[in-house]
Amino acid sequence: MDTFLNALRLRNEPLFFFGLICFGLAVVFLLLARFSSGQVMGINAWVKPTKFAVSLAIYAWTMAWFCHDLAPSFAIKPFNYTVISLLGFELVYIAWQAGRGQLSHFNVSSPAYAGMFALMGIAITIVVFYTAYVGILFFSRDFPNLPDYYVWSIRIGIALFVIFSLEGFAMGGRLAHTVGGADGGPGLPLMNWSTRYGDLRVAHFIGMHTLQVLPLLSFYLLKDLRMTVFVGVLYAVLAGFTLWQALGGRPLAAAGRSSMSVRA
């Protein structure tokens, strides 16, 4: 682990430290969740900031690792500071709203909240399209020092990340992530995905994290171009299926008993 962290820091120090800060904040938020009784939509208010902090840390470290392979022609500083400033803004606002017991996403109950929600949408859109640009560079360049299966895992991973990140517009347009019912209510452990209705967050999560899952599988397990592409296609089908399922108002897993409800 120390070897990986040292290598990551050498590859991209700003994103390394940003990810480290996000992981540290996730621990703080988790402690606040443990000792705070405040809730938003029936769930402990600090659960959402915790999940976002972890997700942003993983994204930052992933892109720190990938972008190093585009050097020296890729201008890494603008990318770094775009990611740090915009995702940092989003995390701060999510945590601020959690501390106040207020929704961050889908909150248009006042002009100020609606404006902040719009700014978050703009921020994440910029980051997603910047990531898409990185993906275009991976598709347009050759990497003779990297295994072809690993390069293709990055290409597919970024493509699916971008597609299913943009699925967020479907949630933003609805001002909800639940289909067939209201947000909140019983959910799966940890993730809180609805066990009664369709939940657009499932496909969003699966598709976005192809960015990490496929390169790791390809590099350490598959070690083959055809298998990498095949697994990438299967992963895309899985994400697409969960999106189709959610749009039809069907949960990923239905609750058999009310005890499955999560009030973390």
Side-chain angles (χ1 to χ4, degrees), residues 1-16 18-20 22-23 54-76 78-80 82-83 87 124 127-168 191 201-245 252:
M1 186 65 176
D2 287 343
T3 302
F4 164 74
L5 293 178
N6 288 332
L8 183 64
R9 180 175 178 178
L10 290 173
R11 279 175 168 253
N12 191 317
E13 193 169 60
L15 286 187
F16 168 77
F18 177 67
L20 202 62
C22 287
F23 276 124
V54 172
S55 182
L56 296 186
I58 292 172
Y59 168 82
W61 280 10
T62 302
M63 296 308 294
W65 191 269
F66 291 165
C67 288
H68 177 77
D69 293 317
L70 296 172
S73 58
F74 177 62
I76 191 63
F79 179 80
N80 285 348
T82 297
V83 168
L87 297 187
I124 197 63
V127 172
V128 169
F129 279 106
Y130 214 152
T131 306
Y133 172 67
V134 172
I136 291 170
L137 294 180
F138 269 99
F139 272 101
S140 62
R141 296 184 184 181
D142 294 322
F143 300 87
N145 296 324
L146 297 176
D148 57 352
Y149 54 82
Y150 176 64
V151 173
W152 272 97
S153 72
I154 295 172
R155 290 168 174 169
I156 296 170
I158 291 178
L160 291 180
F161 170 86
V162 170
I163 291 169
F164 285 93
S165 293
L166 294 177
E167 183 209 339
M191 303 308 296
R201 295 175 299 178
V202 180
H204 193 58
F205 176 88
I206 292 173
M208 288 177 62
H209 287 290
T210 316
L211 191 65
Q212 292 83 31
V213 174
L214 189 59
L216 287 172
L217 284 176
S218 179
F219 192 82
Y220 289 107
L221 182 63
L222 302 175
K223 299 181 182 294
D224 179 81
L225 177 57
R226 290 185 179 180
M227 283 301 298
T228 295
V229 173
F230 177 69
V231 171
V233 171
L234 285 182
Y235 210 94
V237 169
L238 173 63
F241 172 78
T242 56
L243 177 58
W244 170 79
Q245 186 182 42
L252 179 67

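We use all heavy atoms of the structure for the numbers below, so side chains are in, but hydrogens, waters and symmetry mates are not.
- Looking at Y149 and S153, their side chains never come closer than 4.5 Å, going by heavy atoms from C-beta outward.
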Residue pair L252, Q245: steps toward the side-chain contact (heavy atoms from CB on, under 4.5 Å) verdict
CA-CA 7 Å; L252 179 67; Q245 186 182 42; 3.9 Å; yes
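- Looking only at distances, no side-chain donor or acceptor of D142 sits under 3.5 Å from a matching main-chain atom of P144.
- Separation of atoms CD1 (I58) and NE2 (H209) is listed at 6.0 Å; rounding is to 0.5 Å.
- Atoms CG and CZ, on D69 and R11 in that order, are 5.0 Å from each other to the nearest 0.5 Å.
- By the ring-ring contact (aromatic ring centres under 6.0 Å, His included) test, Y133 is found to be paired with no residue, residues two or more places apart in sequence or in another chain being considered.
- With R155 contributing its side chain and F138 its backbone, the two residues share a donor-acceptor pair below 3.5 Å.
- Looking at every heavy atom in both residues, L166 comes nearest to V128 through CD2-CG1, 3.9 Å.
- Between A203 and A239, the shortest heavy-atom distance links the atoms CB-O, 3.4 Å.
- Side-chain contact between F230 and D224 is absent, with no heavy atoms from C-beta onward closer than 4.5 Å.
- By the 4.5 Å heavy-atom criterion applied to side chains, L70 and F143 are counted as neighbours.
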Stepwise, does the side-chain contact (heavy atoms from CB on, under 4.5 Å) test hold for F74 with V134?
CA-CA 9 Å; F74 177 62; V134 172; 3.9 Å; yes
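- Put simply, the side chain of R9 never gets that close to the backbone of F16: no donor and acceptor are under 3.5 Å apart.
- No side-chain donor-acceptor contact under 3.5 Å links T62 to the backbone of Q212.
- Panel note: side chain T82, backbone P78; a donor-acceptor pair is recorded below 3.5 Å.
- When F161, Y130, W65, F23 are each tested for a ring pair (Phe, Tyr, Trp, His ring centres under 6.0 Å) with Y59, only one passes: F161.
- Interatomic distance, L234 CG to L214 CG, rounded to the nearest 0.5 Å: 10.5 Å.
- Of the inter-residue distances, the one linking L222 atom CG with L216 atom CG reads 10.5 Å to the nearest 0.5 angstrom.
- When side chains are defined from C-beta on, M63 counts as touching L211, because their heavy atoms get closer than 4.5 Å.
- We find the OG1-CD1 distance between T242 and I206 to be 4.0 Å, quoted to the nearest 0.5 Å.
- Atom-to-atom distance recorded for R141:CZ and S73:OG is 3.0 Å, nearest 0.5 angstrom.
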Show the numbers, then the answer: is there a ring pair (Phe, Tyr, Trp, His ring centres under 6.0 Å) between W61 and F66?
CA-CA 9 Å; W61 280 10; F66 291 165; over 10 Å; no
What's the verdict on side-chain contact (heavy atoms from CB on, under 4.5 Å) for L243 and E167, showing C-alpha distance, side-chain angles and the deciding distance?
CA-CA 9 Å; L243 177 58; E167 183 209 339; 3.5 Å; yes
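- Summarising the geometry of L160 relative to G232, their closest heavy-atom pair is CD1-O, 4.0 Å, with the distance given to 0.1 Å.
- When all heavy atoms are compared, the tightest approach of S165 to H204 is O-CE1, 3.4 Å.
- The local environment of OH in Y220 is sparse, with at most 12 non-hydrogen atoms from other residues, nucleotides or ligands closer than 6.0 Å.
- A perpendicular orientation is assigned to the rings of Y150 and F219, their planes being inclined by more than 60° (bins at 30° and 60°).
- Here the two rings, on F241 and W244, have centers that are under 6.0 Å apart.
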